[in-house]
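All heavy atoms count here, side chains included; hydrogens, waters and symmetry mates do not. Letters go in sequence order (proteins before strands), and every chain restarts at 1. Because the structure is predicted, anything quoted here is derived from the model rather than measured.
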Amino acid sequence: MQTRLRQLVFATSAVALAFAAPASASDTLTVVSWGGQYTLSQVEAYHKPFMEQTGIRIISEDYTGDVSTIVAQVRAGNVTWDVVDVELSDAIRLCDEGLLHELDWSMLPPAPDGTPAEEDFIAGALQDCAIATIVWSNIFAYDTTAFETSPTHIADFFDTEAFPGRRGVRKWPKGIMEMALMADGVAPADVYTVLATDEGLNQAFAVLDRIKDDIVWWEAGSQAPQLLADGEVVMTHAYNGRIFGAQLEGAPFEVVWSGQVMDMDLWVIPQGTRNLEAALEFVRFSTDTQRLADQAEWISYGPARQSSFPYVLEEMQPHMPTNPANMDLYIVSDAEFWADRQEEINERFNAWLLN
Amino acid sequence: MTSADAYVRFSGVQKSYDGVTLVVKDLNLDIAPGEFLTMLGPSGSGKTTCLMMLAGFETATHGEIVLDGQPINNVPPHKRNIGMVFQNYALFPHMTVEENLAFPLEVRGMDKADVSRRVRDALNMVQLRQFGARRPAQLSGGQQQRVALARALVFEPKLVLMDEPLGALDKQLREAMQYEIKHLHERLGVTVVYVTHDQSEALTMSNRIAVFNDGVVQQLATPEELYERPSNAFVAQFIGENNRIVGKVREENGQHCDVELPSGELVRALKVNVAGVGTPTLLSLRPERVTVAAEPGSLPNVFEARVQELIYHGDHIRTRVRVCGHDDFIIKVPNRTGHVHLAPGETTMVGWHVEDCRALDAA
Amino acid sequence: MATTTLGDIAATRPVATTEALRTADGMPLRTKLERSMRMARLRAFFLVAPLLAFIVFSFLVPVGKMLWLGVYEPTFANYMPRTAAALQTWDTRDLPSEETFAIFVDELIAARESRDLGKVASRVNREFSGARSLLTATGRRAADFAGPDAKQALIAHDATWGRTELWQGMTVAARSVTPAFYLNAVDLRLNADGTVRAQDADRRLHLALFWRTLWLSALITGLCLLLGFPVAYLLATLPMRYSNLLMILVLLPFWTSLLVRTTAWIALLQSQGVVNDSLVAIGIISDTNRLSMIYNQAGTVIAMTHILLPFMILPLYSVMKTIPPSYMRAARSLGANGFTAFRRVYLPQTVPGIGAGSLLVFILAVGYYITPALVGGQSGQLISNIIAFHMQSTLNWSLAAALGGVLLAGVLILYWTYNRLIGIDNIKLG
């Protein structure tokens, strides 16, 4: 009986260990990103060469921007996401809360001409806990088969009289609020000052009210081109790269750059990862001049390093948010503003959605 | 009975479920007003189907059913005004006894005072006055049975159908209920059609019994007639116990016939249902009609018998003997003062009257 | 022993008689009985112990922690304990005292050094928008403001430090055990002085969502009952070979992933979807007037009714199967037409199944969130979507916990009402 019991205890603890054991560290790295065409571009430009060079296997996971997973993992002390692609305001917020590993900018490789990374990256791309890889943009796109005269201005998006049909919008105030104010004639330089006031918020909601009944809300980036392709909407707010992906597949979509809201995506490393060395190595590897330029071959997002611009293929230039031809009316998303105001604006936004 | 007297009348009724076989084959049956008629037969003989057709839950494939002079083939069950007692009582479990009894009255739109008066009377009738507020599940089997009976009678139908109503009760209670139902029937004068597979129940209660087999009424007669004079082998075998001896008709002789057994003996029997000289026949003989220790010549049929086994039954001794080459010949020896005491292995003479030995079809 | 009263005799007598009863080996009967019962009880306890432990650790503890999370937010008090204490004595009208300012600046420096300032800032930001950047920016230069003139120095650095609303917000944040989140969950706000006011009209959200959730869940439950009852009846009454096939059809959705099913509904119901296309093809609606059946309340109701239908059908079926057909026959033989027989005899007997199915569907519907998130658009969102939103996007877990707590309380109240009206023992799942 005694030995039987001992065997049983041994067997159960072995099973428990098998479940509890970490996926053997150091030779794998879990990199989490937004999925679809975007993750594909990262796999091609970063993951594959990195795996070849270091022998470390990368497991690519998708998420929808739900950073609570990072919070939960760090608080539980069981971090399985080693490197995560997040938006700037989230990077700041999580860093503030001490949930991210702080990064030393000096570890980053300099530009080919020797310019230190700190000067080479565009403004705002280097954060205490995050390194930007791409500049992307909130734009709106339309189905070319739906209209005789094409929409050209951000105001057209909010004008269902001239351009009837349903609109796809991300169910999240960031991006669309700025677009609404620009559509209402607020100068890009004033957008955030206006938005910081109650009157400004009311103004933005008043613009959104014009299309409220025609909005189909989406949450994952891949839904936007899908809604457009299904004919569920005739115009949609989208991330420019997603529309580019659909265009590559032959979809009759056109991007309107007027009123675009540029934002950045950044690598962060959750505090307490077991693969810190490999994670740092990956961040370093993927943010050098050539890799960033390589990614732009696969998706129409601009590199976060100035030294990468010349390496971007000529035919990709018109699709880049940072292409001067696309920058008639634009704004760069103010991450500090959103980190401060997100909560309050979310509250208003949700209440507005309900009423 | 003339057809004008019939309260219920089946004429040429056939029923098939699958379009291939007939469950009821050409049923013709007249039931008199106030009669207690039992449909008796083994399971699958078609008796329940007949009852269900009468109740309206099954439709006759062919033929006509007439109730009180009206053809009812197309009358839905709730308009037939027939009371019915089901096999497992089908008392509504979510209603009290009183509510169960009130149900048929309420759906007839009777006013409240009448309903409660009639419910009270019905409860009195079955001696369950103090149980009105209980749920069926709180009653014993016999009490439930009485409620079911009261419910089938409370709206004063002229015809009550009972589908094996006593099947779920134990033996003693069953017998008590048999008398109770019989007395109720006599008191109320309703017509009852009763279905059972229990022959003793049928014999106890009925005015007439229709014995069903294979979709056909084998014999329709009073209990006494049925027991004493079964008209064919099936009925003889189904009603009560009997000894069956196979033989061949040797000679016909008016009311009687002589039958030769394979073992060579000649038996004189009552000619009931034989096809003629030389044809096989089945002799049917009730165990209680056999006399033991019979003097040769005292009875028309006397044979030597060897006692095989004795089983004590209290009121009689069941004696198995070997006679005329049959090993399983049963005799019931009444346990009277001074009856013959036999012992296994002993040899005796047994005999019987010609009238008690019926020559039937060799089915 | 000299004086023995009647009471003494009465008291001792029963004891004497019980002691007289002993088992064969001389042990008092009661002791022996208790001992044998104790063994049986222990054995029973050990049999359920694993489940009990599982429920405690996987259900009771998390639920308890969640409810606690909704009232306990110690971030501020943890990292700025002295400021927190000082603010509790503040009258909440005029600006806090010089001393409070000084304490605050000291702790600001300390929090900045220990890298905990961000956490404090995030917490205060929930009560006063903009406090996050104000605290972090001020924190960088905090050393400059230390000293007796901290108040003036801070206000000179940024005029916001002179606003009482900011300090009131900090006072609310400084309370570790606070009703603020639960109040917020029912569209109220906590003032710094402990009084409660209604949320601004353009921020009221939760109560309306709770009502919508309850109303839509009730509607879905009703639809499930309406659609499920005949199916369950067929299942219970059809011959075995047909009912088996039907049962497979009922269970089929269970074997398909929830996402696949929801996506299938999108393909069916969207404006260029199968249903609309068919209706246009038949000519019932024109091409320009396609029905909006998805990304709105209709979408949520349709998809959730479909998904929850089996939870209604199965309990109904299991109850109906136990109702012999003879009850309906009896009712009809007693003179009730088909409808009356159904209403008065069949239907009441299915009440336990209706109760079980409805409770199951309703409670599942109240907590559903994937389906409304995918097909609900803005009008089909339920309270669970807001809870998920606060869990995943705003990271305001305390508010999420408070919303969950209110929802739990609401469901328990409904359950209690149900028990009072119908009786929970009147429920049958199989």
Verify whether one side chain among [X] and [Y] offers a donor that lies under 3.5 Å from an acceptor in the other.
| X | Y | result |
| --- | --- | --- |
| C:W161 | C:T138 | yes |
| C:T160 | C:D158 | yes |
| A:D230 | A:Q226 | yes |
| A:E178 | A:W338 | yes |

Margin query: As a quick check of understanding, evaluate salt bridge (charged side-chain N to carboxylate O under 4.0 Å, His left out) for A:R167 and A:D214, giving each step before the final call.
Written below: CA-CA 6 Å; A:R167 309 289 201 259; A:D214 295 302; over 6 Å; no
Can you see which heavy atom on [X] is nearest to which on [Y], and at what distance?
| X | Y | value |
| --- | --- | --- |
| C:Q272 | C:D277 | O-OD2, 3.2 Å |
| A:S333 | A:Y192 | CA-OH, 3.2 Å |
| A:R348 | A:F205 | NH2-CD1, 3.5 Å |

Report which part of [X] has an atom under 4.5 Å of a heavy atom belonging to chain A: side chain, backbone, both, or neither.
| X | result |
| --- | --- |
| C:A267 | neither |
| C:T75 | neither |
| C:R203 | both |
| C:N125 | side chain |

Looking at [options], which one has more heavy-atom pairs under 4.5 Å with chain C than the rest?
| options | value |
| --- | --- |
| A:F349, A:W172, A:W217 | A:W217 |
| A:L201, A:L353, A:I345 | A:L353 |
| A:E347, A:E344, A:E102, A:E232 | A:E232 |

Note to self: Between C:Y369 and C:I387, is there a side-chain heavy-atom distance shorter than 4.5 Å?
What the structure shows: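 No, too far: nothing below the 4.5 Å cut-off.
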Using heavy-atom distances under 4.5 Å, tell me whether [X] contacts chain C through its side chain, its backbone, both, or neither.
| X | result |
| --- | --- |
| A:E343 | side chain |
| A:A220 | neither |
| A:D198 | side chain |
| A:K212 | both |

I'd like to know which of [options] tops the heavy-atom pair count under 4.5 Å against chain A.
| options | value |
| --- | --- |
| C:L395, C:I266, C:I294, C:T394 | C:L395 |
| C:A388, C:A373, C:S133, C:S292 | C:S133 |
| C:R126, C:R204, C:M391 | C:R126 |

Side-chain donor-acceptor contacts of residues 206-213 of chain C below 3.5 Å, not counting sequence neighbours, with atom names and distances?
| from | atom 1 | to | atom 2 | distance (Å) |
| --- | --- | --- | --- | --- |
| C:H206 | ND1 | C:N184 | O | 2.9 |
| C:R212 | NE | C:S379 | O | 3.4 |
| C:R212 | NH1 | C:Q378 | O | 3.4 |
| C:R212 | NH1 | C:S379 | O | 3.2 |
| C:R212 | NH1 | C:Q381 | O | 3.1 |
| C:T213 | OG1 | C:L209 | O | 2.7 |
| C:T213 | OG1 | C:I383 | N | 2.9 |

Item checked: Close approach to chain C in residues 91-100 of chain A, criterion heavy atom under 4.5 Å ->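 Expected list: A:I92, A:R93, A:L94, A:D96, A:E97, A:G98.
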Check: How about A:W218 and A:Y239: are their ring centres within less than 6.0 Å of each other?
Finding: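 Yes: the rings meet the under 6.0 Å criterion.
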Check: Does the separation of the ring centres of C:F181 and C:W397 fall below 6.0 angstrom?
Finding: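 Judged by ring-centre distance (under 6.0 Å), C:F181 and C:W397 do not meet the cut-off.
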Item checked: A:L181 CG to A:I176 CD1 distance, which is reported to the nearest 0.5 Å ->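 Rounded to the nearest 0.5 Å, the CG-CD1 separation comes out at 10.5 Å.
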